[in-house]
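Counting begins at 1 with the first residue of the sequence. Just the heavy atoms: all of them, side chains too, but no hydrogens, waters or symmetry mates, feed the values below.
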Amino acid sequence: MARKRKPKRKLSFAGWFLLALSVLCVIVLVKVVKTKISLREEVEKPTIVEKVEEVVIEEPVVEEVYDFEGADSLLILANKAHPLKDGYEPSDLVKLDGIYKTQDSWMLRSVCKDAVYEMFEAAKVDGVVLEVGSAYRSAAYQASLWQSYANQYGSERADRISSRPNHSDHQTGLCIDVVENNGAMDGVNYCQEFETTRSAQWLFAHAHEYGFILRYPKGKEEITGYNYEPWHYRFIGQEHATKLHEAGSDMTFEEFFNVEGGKQYKD
């Protein structure tokens, strides 16, 4: 007797749904695995970094411009290569009162006078009494002084120890000669031996703090045009005086500011 075949069972809707869901999960899983593999390969790839050179733009160096001719400039220059203008006379000259000086008539520019007072007071605190032996000199005064030296020693020596009119540092109203003992001509005042005095030693160490420089240092005659004068101090302001002092104890105005000097008159 022949067997009857069992009729095939048809999947229900729920069955088809589960089958489709399973297939979808497999597809999603395969894609996730492929994505991870791809990301891993990207991470493991050598990174090529483009080298970008850093461009540094340097700012132009602006050189400071100094005023060596202006009537009100603290750097107004008078030497054998740079004469003052004919008829030059400072407009702010004031008498020196209340400090030791060899003449009541000595005057300075007001800005220099204030610095002198401050410096002299500081020296006094240290037990050093500074005295003014000379200050502003007019062109006429300087002409007379130079001629007296020329008559006594000859013009060549006069040019080493004194200035002709319009070439004198004293005519700027910004310098002083410092002395002791009321300026007595004792072989020390106005002599190179002055460097051994307490006044000179104090000035060597402290003058720059008040804006003054030793105008004619030792061994620099070829540059300044004048013999060594350890008593002659020029006011150029505290900032410049300090920089010049730090550049060297024998640094000259001409060297520091790169201006012409020398022993020969140019006019």
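Checked against K218 for a side chain to side chain donor-acceptor pair (under 3.5 Å), the options Q192, E229, E195 give a single hit: E195. A side-chain contact (heavy atoms from CB on, under 4.5 Å) with V178 is found for one member of V132, V116, L203 and no other, namely L203.
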Step by step, would you call Y265 with H167 a ring-ring contact (aromatic ring centres under 6.0 Å, His included)? CA-CA 9 Å; Y265 283 99; H167 294 270; 4.7 Å; yes
Using the rule given for salt bridge (charged side-chain N to carboxylate O under 4.0 Å, His left out), can you reason through K263 versus E221, listing the C-alpha separation, both sets of side-chain angles and the distance that settles it, and then say yes or no? CA-CA 7 Å; K263 300 173 69 174; E221 292 81 1; over 6 Å; no
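By the criterion of side-chain heavy atoms lying less than 4.5 angstrom apart, applied directly or through intervening Ile, Leu, Val, Met, Phe, Trp or Tyr residues, V188 is grouped together with V128 in one hydrophobic cluster. Two different hydrophobic clusters hold L108 and L93 under the rule that ILVMFWY side chains link at heavy-atom gaps under 4.5 Å. No single ILVMFWY cluster, assembled from side-chain heavy atoms under 4.5 Å apart, contains both M119 and I236.
The nearest pair of heavy atoms linking A205 to E209 is O-OE2, 4.0 Å. Between S163 and Y226 the shortest heavy-atom distance is OG-OH, 2.8 Å. The minimum heavy-atom distance between M107 and A135, with the atom names listed, is O-CB, 3.2 Å. For the residue pair Y117 and G98, the shortest heavy atom distance occurs at OH-N, 4.4 Å. R109 and D72 get closest at one heavy-atom pair: NH2-O, 3.1 Å. Listed here is the closest heavy atom pair of T172 and P90: O-CG, 3.4 Å.
Distance alone, capped at 3.5 Å, places no donor-acceptor pair between the S73 side chain and the E69 backbone. Using a distance-only test at 3.5 Å, with no hydrogens or angles considered, a donor-acceptor pair links the side chain of E131 to the main chain of N181. Panel note: side chain S162, backbone D159; no donor-acceptor pair is recorded below 3.5 Å. Side-chain N or O atoms of N189 include one that pairs as donor or acceptor with a backbone N or O of A184 at under 3.5 Å. Not one N or O on the side chain of S134 forms a donor-acceptor pair closer than 3.5 Å with the backbone of I176.
With respect to the salt-bridge test (charged N to carboxylate O, under 4.0 angstrom), the residues K220 and E255 qualify. At a threshold of 4.0 Å, the pair D97-K113 does not count as salt-bridged, since none of the basic side-chain nitrogens sits closer than that to a carboxylate oxygen.
Counting non-hydrogen atoms of other residues, nucleotides and ligands closer than 6.0 Å to CG of N258 gives a total of 12 or fewer.
Residues that satisfy the ring pair (Phe, Tyr, Trp, His ring centres under 6.0 Å) test with F257, not counting sequence neighbours, are Y66, F68, H240, F253. Residues forming a ring pair (Phe, Tyr, Trp, His ring centres under 6.0 Å) with H82 (at least two apart in sequence, or on another chain): none. Remark: F212 engages F235 in a ring pair (Phe, Tyr, Trp, His ring centres under 6.0 Å) (not counting sequence neighbours). Annotation: salt bridge (Lys or Arg N to Asp or Glu O under 4.0 Å) contacts of E246 (sequence neighbours excluded): none.
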Could you tabulate the donor-acceptor pairs under 3.5 Å formed by side-chain atoms of residues 148-157, not counting sequence neighbours?
unit_1, atom_1, unit_2, atom_2, d
S148, OG, L145, O, 2.6
N151, OD1, Q147, NE2, 2.9
N151, ND2, Q147, O, 3.2

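Between the side chains of T252 and Y216, no donor-acceptor pair is found at a separation under 3.5 Å.
Other residues sharing a hydrophobic cluster with V129 under the 4.5 Å side-chain heavy-atom criterion for ILVMFWY residues are Y100.
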